[in-house]
Amino acid sequence: MIDKIWLVVLFPLLGVVINGLAGIKLPRKVIGAIGSLAILGSFITACLIFVEVAGHGSAERVSEVVLFTWIGCGSLQVNAGFLVDPLSLVMMLTVSGVSFIIHVYSTGYMAEDEGFRRYFTYLNLFVFFMLILVSANSFLLMFVGWEGVGLCSYLLIGFWYQRQAPADAGKKAFVVNRVGDYGFLLAMLLIFVTFNTLDFNKVFAAAPQVLEKGGLAVTLMTLLLFVGACGKSAQIPLYVWLPDAMEGPTPVSALIHAATMVTAGVYMVARCATLYSMAPISMEVVAIIGCLTALFAASIGLLQNDIKRVLAYSTISQLGYMFLACGVGVFTAGIFHLVTHAFFKALLFLGAGSVMHGMSGELDMRKMGGLKTKMPWTYGTFLIGTLALAGIFPFAGFFSKDEILWAALQKSPALWLGGAVGAFMTAFYMFRAVFMTFHGESRIESHVHVHESPGSMILPLCVLAVLSVAGGWIGLPLIAGGNQLKEFLQPLFSVAGHAAPAEQAAHEVGLEITMMLVSLGIALSVIGLAWFMYIKKPLLLEKLSARFSSLYRLVYNKYFVDEAYDALIIQPIKNSSLWLWRLFDEKVIDGAVHGTAALVLGASGALR
């Protein structure tokens, strides 16, 4: 079955072709079914390959399926093919599985939209490029998927391009990601110059012999790769596009934030762990940027009133935890959190979409309240997702985040403290969202007719809720059988020679349990604080915001980062472009053209 890996990417492409070319003549139910079944085909194929690979010994779980020679030009020889190993399989299962659920949800959510066919065509294309990215056997083919998801994000974020805000948000995502992609491109050129190949297996096998540990070359190429990761995975300073991505349809937000585009950077760093293990400076940079991003984005989420933007800043923060894990050397913990985050973040975004559906498109939590009894299924599933994200036992996020904090403590108490404070804020802003949306007195405007979402939307929420509860148990080291995901992934990292001491060390059960209890205690205490401030004493918040007005204004306005970018980067570039247009374009280029015409005309007149 491994040699049929190409089917995983073929099915979404077929969905694109059928709906894109013939969909105009098909009813909406057929279009939705084709788009959903295409992704289901990918998921089933990935499951069959996973079963086959899992049945092999750890040394036999890596194989390469080459389809054809893509580029053959002198020393540049690139094969188009797929790398089948534990890491790519985990990513393929996560991407296709969560994407299928989002596709099913979309059939109900987008049922009345005029761009229904275009939406499912773009959505299938998005998944196609993401599957190319995570299954590619070379940096160049990965870059094709990398750019493809960037294109699709532009198309989907700006899906409602008739409105100014979505159009601007799509352009912002596209431009900011070009900055990161430039770093990826430079890294790829440096890798080719150094290794004379772009094939993953050849580069990683030759790295210990070709590169000097801690040397300039490996440090530079890993830092450039991380620039690309910062763009795709929205890390400081290239995170600013992701909150605005909320202008697209809510299922698109779930797809981008949960399983596809934003996880590409984390996957790329984990895939290149051999190189990063040889660059200690780069590892420190990854860990520090991840920790700072987790803290920074979580603090912004504390005061956001748009329910989708709360989740957007939560995504940025959780991606910071994944990079923190990679930076301290526990790559399996980073991937573990990527998988669990895909479950509960998809659940939360789709839950937010259900709230919007029942509230006639309303996003402001200040205009909600009391929805618990009116939308019980949405409330129950959203609460489960919140408990998972807040790190409450026994939900999925508890296990993955606990493992990251444990590894950070082993590496640096400062990194652990940053992660712990971020976890504190995460629990607060998520339960703030729950209390403002579903509890307390109703603040819903009289003309809004609140209703529960249809079954096509509720069923995906229930499936994701189950995964958000059970998904973390595959990574719990204290249960019988041990950490299944770590055991599946670790041989791949160990063979490559980059398992970090923190990951190799056996956990002391007593200390492990103690840290779990500390994390749980922090989360529960913060939930109580959120309840006290938003349910028991809601006026307290007004007093605090008035007393610390300057700090409140700073955080509420997201530290004015967008305004700073506009003043320091966007406007100077715009003004200089206008200046060049008026001086160089109009006077030099146009002047030369018009001057030549005038000279010829004058000379012709004189000769005549």
Side-chain angles (χ1 to χ4, degrees), residues 85-91 93-95 133-134 222 225-226 228-230 232-235 257-277 279 282-294 297 315-345 389 391 396-412 415-416 418-419 422-423 471-472 474-477 483-494 496 498-504:
D85 65 9
L87 180 58
S88 65
L89 282 172
V90 168
M91 291 300 298
L93 287 170
T94 303
V95 170
L133 192 157
V134 300
T222 48
L225 286 171
F226 186 57
C230 284
K232 275 288 181 290
S233 296
Q235 298 294 284
H257 284 248
T260 56
M261 183 171 171
V262 297
T263 62
V266 179
Y267 166 75
M268 185 261 285
V269 171
R271 172 60 69 193
C272 299
T274 301
L275 301 178
Y276 278 94
S277 68
S282 299
M283 292 281 281
E284 289 184 10
V285 170
V286 172
I288 292 171
I289 292 295
C291 184
L292 290 176
T293 303
T315 298
I316 299 171
S317 180
Q318 296 307 303
L319 289 166
Y321 281 101
M322 298 175 205
F323 282 111
L324 172 60
C326 293
V328 298
V330 283
F331 297 99
T332 57
I335 298 299
F336 181 27
H337 196 55
L338 184 156
V339 172
T340 59
H341 177 265
F343 298 151
F344 57 72
K345 186 51 63 69
L389 177 55
F398 169 77
F399 302 109
S400 54
K401 189 178 291 186
D402 174 74
E403 188 170 355
I404 293 172
L405 292 176
W406 166 259
L409 180 62
Q410 298 287 89
K411 187 73 174 181
S412 166
L415 292 176
W416 174 84
I474 60 173
L476 181 60
N483 190 326
Q484 300 296 322
L485 183 64
K486 182 176 179 179
E487 291 177 4
F488 185 62
L489 290 173
Q490 186 57 40
L492 175 68
F493 293 133
S494 297
H498 58 262
E503 194 161 19
Q504 292 172 336

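No experiment lies behind these values; they were computed from the predicted model shown.
- The minimum heavy-atom distance linking Ala396 with Gly471 is given by the pair CB-C, 4.2 Å.
- Between Ile404 atom CD1 and Gln318 atom CD the span is 8.0 Å, to the nearest 0.5 Å.
- Annotation for Ile335 and Ala270: closest pair CD1-CB, 3.9 Å, computed over non-hydrogen atoms.
- Legend: residues meeting ring pair (Phe, Tyr, Trp, His ring centres under 6.0 Å) with Phe323, ordered by chain and number and at least two apart, are Phe226.
- Using modelled atom types, one side-chain atom of Tyr276 and one backbone atom of Thr222 make a donor-acceptor pair closer than 3.5 Å.
- Under the salt bridge (Lys or Arg N to Asp or Glu O under 4.0 Å) criterion, Lys401 pairs with no residue, sequence neighbours left out.
- Residues that satisfy the side chain to side chain contact (heavy atoms under 4.5 Å, CB included) test with Ala287, not counting sequence neighbours, are Leu324, Val328, Leu415.
- Here Ala234 pairs with Tyr239, Trp241, Leu242, Ile316 under the side chain to side chain contact (heavy atoms under 4.5 Å, CB included) rule; sequence neighbours left out.
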- request: Carefully, step by step, assess Met268 and Lys232 under the rule side-chain contact (heavy atoms from CB on, under 4.5 Å).
  value: CA-CA 10 Å; Met268 185 261 285; Lys232 275 288 181 290; over 6 Å; no

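- The side-chain hydrogen bond (donor to acceptor under 3.5 Å, both in side chains) search around Ser317 returns none, not counting sequence neighbours.
- Atom CG of Leu489 and atom CZ of Phe331 lie 12.0 Å apart (nearest 0.5 Å).
- Applying the side-chain hydrogen bond (donor to acceptor under 3.5 Å, both in side chains) test to Ser400 and every residue at least two apart in sequence or in another chain returns His337, Thr340.
- Here the straight-line distance linking atom CD of Glu284 with atom CD1 of Ile289 works out to 12.0 Å at 0.5 Å rounding.
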message: Please evaluate residues Val269 and Met322 with respect to the criterion side-chain contact (heavy atoms from CB on, under 4.5 Å), reporting the C-alpha separation (whole Å), side-chain torsions for both, the decisive distance (0.1 Å), and the verdict.
response: CA-CA 10 Å; Val269 171; Met322 298 175 205; over 6 Å; no

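- With sequence neighbours excluded, no residue forms a ring pair (Phe, Tyr, Trp, His ring centres under 6.0 Å) with Tyr321.
- Residues forming a side-chain hydrogen bond (donor to acceptor under 3.5 Å, both in side chains) with Thr263 (at least two apart in sequence, or on another chain): none.
- Remark: Leu93 engages Phe43, Ala46, Cys47, Phe50 in a side chain to side chain contact (heavy atoms under 4.5 Å, CB included) (not counting sequence neighbours).
- Note: Leu389 CG to Phe398 CZ = 14.5 Å, rounded to the nearest 0.5 Å.
- Ser88 places a side-chain heavy atom less than 4.5 Å from the side chain of Asp85.
- Nearest heavy-atom pair, Thr94 versus Ala342, reported as atom, atom and distance to 0.1 Å: CG2-CB, 3.6 Å.
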message: If you apply the rule side-chain contact (heavy atoms from CB on, under 4.5 Å), what do you find for Phe336 with Thr332, and how did you get there?
response: CA-CA 6 Å; Phe336 181 27; Thr332 57; over 6 Å; no

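- The CG atom of Leu292 lies 10.0 Å from the CD atom of Gln235; values are rounded to the nearest 0.5 Å.
- A distance of 10.0 Å separates CG in Leu133 from CE in Met261, rounded to the nearest 0.5 Å.
- Nearest heavy-atom pair, Cys291 versus Gly419, reported as atom, atom and distance to 0.1 Å: SG-N, 4.2 Å.
- For the side-chain hydrogen bond (donor to acceptor under 3.5 Å, both in side chains) test, residues two or more places apart in sequence or in another chain that qualify with Tyr267 are Arg271.
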